[in-house]
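Everything on this sheet refers to the single structure shown next.
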Amino acid sequence: NEEMARRGLSVLALAYSPDIKYKKKMEREKIESDLILLGLVGIYDPPREQSLDAVNMCKTAGIVVHMATGDHYATAKAIAQQVNIIPYTKKPKTSKTKEASKTV
């Protein structure tokens with residue numbers, strides 16, 4: 001889930017219940033209980049083509065660009081990086097990584 005979100009994908013869980021007999025009107029609690037997880041699906045909803053140019057024009061004009069979204073934090077961060085709202089960042093080295101590089 002986190003890996004897909006970091007790549008800018010919206011993540012959906014797919015599940016089913018073999019015991020439910022579907023009717024026109026059903027209680028949500030009944031439908032959403034005792035489910036069997038089939039898996040996770042990542043869906044890429046790309047930013048609009050003009051987004052990158054629009055963000056860059058705003059930055060050139062001195063306008064600070066913000067993004068409002070209901071996406072998972074990691075998905076939102078990946079999309080914001082794709083349209084230059086925030087810069088791409090490298091992962092900081094952890095102390096374990098630093099220690100391992102000293103011993104090599």
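Keep in mind the model is a prediction, meaning the values are calculated, not measured. The figures that follow rest on heavy atoms only: side chains count, while hydrogens, waters and symmetry mates do not.
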As an exercise, state the distance from OG1 of Thr69 to CD1 of Ile79, rounded to the nearest 0.5 Å. 8.5 Å
With a cut-off of 6.0 Å (strictly less than), are more than 12 heavy atoms of other residues, nucleotides or ligands near NZ of Lys30? no
Interatomic spacing from CG in Asn1 to CZ in Arg6 - rounded to 0.5 Å: 9.5 Å
Just wondering, are more than 12 heavy atoms of other shown residues or ligands nearer than 6.0 Å to CD in Glu32? yes
Step-by-step side-chain contact (heavy atoms from CB on, under 4.5 Å) determination, Tyr44 to Thr75: CA-CA 10 Å; Tyr44 184 58; Thr75 303; over 6 Å; no
Is Pro18 close to Ile36 at the side-chain level, that is, under 4.5 Å between some pair of heavy atoms? yes
May I ask you to check whether over 12 heavy atoms, not counting those of Asp34, lie within 6.0 Å of atom CG? no
Between His72 and Glu2, the two heavy atoms sitting closest are NE2-OE2, 3.2 Å
Heavy atoms of Ala5 and Ala78 approach each other most closely as O-CB, 4.1 Å
Taking all non-hydrogen atoms of both residues into account, name the closest pair between Met67 and Ala80 and its distance. CE-CB, 3.9 Å
Within a reach of under 6.0 Å around CE of Met26, are more than 12 heavy atoms found that belong to other residues, nucleotides or ligands? yes
So for atom CD, which belongs to Gln50, do other residues, nucleotides or ligands contribute more than 12 heavy atoms lying within a distance under 6.0 Å? yes
Rounded at 0.5 Å granularity, tell me how far CG in Asn84 sits from SG in Cys58. 11.0 Å
Could you walk me through whether Tyr88 and Lys77 pass the side-chain contact (heavy atoms from CB on, under 4.5 Å) check? CA-CA 9 Å; Tyr88 282 95; Lys77 181 179 176 184; over 6 Å; no
With side chain to side chain contact (heavy atoms under 4.5 Å, CB included) as the test, pick out the partner of Leu40 among Leu9, Leu14, Val11, Leu12. Val11
